[in-house]
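Quick notes on the structure that follows.
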Amino acid sequence: PPPPPPPPPPPPPLFFFHPHPALPDAQESRGLGDVYKRQIGIRVPNLSRAMEEMGSSLSLTWAEPIQTEAQSIWTPEEGQRYLPLKFVYSCEGPQHIELLEGPPDSIWDGRQDSGVHHVGVWVDDVANQTEQFLKNGWTLLASSVSPEQGYGGYTYIAPNSGMIVELVSRSILPRFERWWAGGSLAK
């Protein structure tokens, strides 16, 4: 009898920066989408001051700062909440800098623990990608809405090592690109 066929290869590991031939100027992350457009989120105690310091030191220009009184956020500890948040992105990319000034004791609070908070990537399906990470032992820290409601447009997830990754719906990327080019972030 012929020998049995070899077992199928294991699925590729989730990996952030993997070259993709269809995107010669970018890097493709297996299953995560285009990580050419990504951001580093930095918590700051004062958005205006941080924009001035980092803008002049790093030769960055900023999109119009956003201030919302009711940013939707769900956490396992507190459930659904609507919090004030100030944020801005650098106009320069492809690696954008995001500055966040959040209220005390929130995931965005930079008063006690300022500095790099997360790396963000655009994904086609926030819920599916989040579930893949959770199956691999990552922890859900926060999302736009509850898991039962499909997570919404973003999640913050982390492995045991503690690095935080923000998965953001690629469906809103055109709004952000318009904002980085000097337009409005509004719909």
Side-chain angles (χ1 to χ4, degrees), residues 16 23 25-29 32-75 78 80-104 106-111 114-130 140-146 149-157 164-187:
F16 276 96
L23 299 168
D25 294 329
Q27 292 183 322
E28 178 78 12
S29 172
L32 283 180
D34 179 357
V35 294
Y36 182 72
K37 294 180 175 78
R38 59 193 179 272
Q39 43 94 357
I40 298 293
I42 301 171
R43 294 189 297 197
V44 299
N46 183 293
L47 187 70
S48 298
R49 188 174 319 132
M51 288 172 65
E52 184 178 313
E53 290 170 350
M54 290 186 210
S56 61
S57 298
L58 300 173
S59 299
L60 296 173
T61 56
W62 301 103
E64 186 68 29
I66 302 295
Q67 180 170 342
T68 179
E69 295 304 317
Q71 177 65 43
S72 176
I73 185 166
W74 177 92
T75 62
E78 306 218 15
Q80 189 68 51
R81 297 170 57 194
Y82 298 89
L83 301 177
L85 177 65
K86 296 178 187 176
F87 68 97
V88 69
Y89 275 65
S90 63
C91 295
E92 293 77 20
Q95 177 73 51
H96 293 273
I97 302 294
E98 176 189 23
L99 304 178
L100 303 125
E101 179 187 338
S106 73
I107 197 166
W108 302 302
D109 182 6
R111 289 164 186 83
S114 61
V116 173
H117 177 254
H118 66 269
V119 59
V121 293
W122 302 96
V123 297
D124 291 326
D125 186 335
V126 171
N128 182 49
Q129 291 298 324
T130 299
L140 176 65
L141 304 177
S143 55
S144 179
V145 297
S146 73
Q149 294 177 299
Y151 300 102
Y154 71 89
T155 59
Y156 289 109
I157 54 175
I164 299 174
V165 174
E166 181 185 27
L167 304 177
V168 185
S169 174
R170 190 193 309 256
S171 68
I172 63 170
L173 180 57
R175 289 176 45 205
F176 277 74
E177 290 171 329
R178 183 176 63 238
W179 184 43
W180 300 329
S184 170
L185 183 60
K187 291 182 182 180

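The side-chain heavy atoms of S143 and T130, taken from C-beta on, include no pair separated by under 4.5 Å. Two residues are said to be in side-chain contact when any heavy atoms from C-beta on lie closer than 4.5 Å; I157 and Y151 fail this criterion. In this structure the side chain of E166 never reaches within 4.5 angstrom of the side chain of H117, judged on heavy atoms. In this structure, the side chains of L167 and V121 come closer than 4.5 Å at one or more pairs of heavy atoms.
Distance check, rounded to the nearest 0.5 Å: CG of N46 to CG of L99 gives 10.5 Å. Remark: L185 CG to I172 CD1 distance equals 7.5 Å, nearest 0.5 Å. Residue I40 holds its CD1 atom at 8.0 Å from NE2 of H118, rounded to the nearest 0.5 Å.
Closest approach of P174 to R170, counting heavy atoms only: CD-O, 3.7 Å. Here the shortest heavy-atom pairing between V126 and V168 reads CG2-C, 3.9 Å. Looking at every heavy atom in both residues, G102 comes nearest to S106 through C-OG, 4.0 Å. Here the closest non-hydrogen pair linking R43 and G110 is CB-CA, 3.8 Å. Nearest heavy atoms, S144 versus G152: CB-CA, 4.0 Å. In this structure, A63 and C91 approach most closely via the heavy-atom pair N-SG, 3.4 Å.
Checked against side chain to side chain contact (heavy atoms under 4.5 Å, CB included), A142 has the following partners two or more places apart in sequence or in another chain: I73, T75, I107, Y156. With sequence neighbours left out, the side-chain hydrogen bond (donor to acceptor under 3.5 Å, both in side chains) criterion links S114 to no other residue. Remark: T68 pairs with no residue by the side-chain hydrogen bond (donor to acceptor under 3.5 Å, both in side chains) rule, at least two apart or across chains. In this structure, Y154 has no side-chain hydrogen bond (donor to acceptor under 3.5 Å, both in side chains) partners at least two apart in sequence or on a different chain. Legend: residues meeting salt bridge (charged side-chain N to carboxylate O under 4.0 Å, His left out) with R81, ordered by chain and number and at least two apart, are E78. Listed by chain and residue number, D109, R111 satisfy the side chain to side chain contact (heavy atoms under 4.5 Å, CB included) test with P104 (two or more places apart in sequence, or in another chain). Partners of Y89 under the ring pair (Phe, Tyr, Trp, His ring centres under 6.0 Å) rule, at least two apart in sequence or in another chain, are F176, W179, W180. Applying the side-chain hydrogen bond (donor to acceptor under 3.5 Å, both in side chains) test to S72 and every residue at least two apart in sequence or in another chain returns Q80.
A donor-acceptor contact shorter than 3.5 Å is absent between the side chain of E101 and the backbone of K86. The main-chain N or O of M51 is found under 3.5 Å from a side-chain atom of W62 such that the two form a donor-acceptor pair.
For residues 44-70, no pair satisfies salt bridge (Lys or Arg N to Asp or Glu O under 4.0 Å), with sequence neighbours left out.
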- Apply side-chain contact (heavy atoms from CB on, under 4.5 Å) to the pair E92 and L58, showing each step before the final yes or no. CA-CA 11 Å; E92 293 77 20; L58 300 173; over 6 Å; no

- Carefully, step by step, assess V44 and M54 under the rule side-chain contact (heavy atoms from CB on, under 4.5 Å). CA-CA 11 Å; V44 299; M54 290 186 210; 4.3 Å; yes

- Task: Verify side-chain contact (heavy atoms from CB on, under 4.5 Å) between Q71 and L100, making sure each step is shown before the conclusion.
- Result: CA-CA 12 Å; Q71 177 65 43; L100 303 125; over 6 Å; no

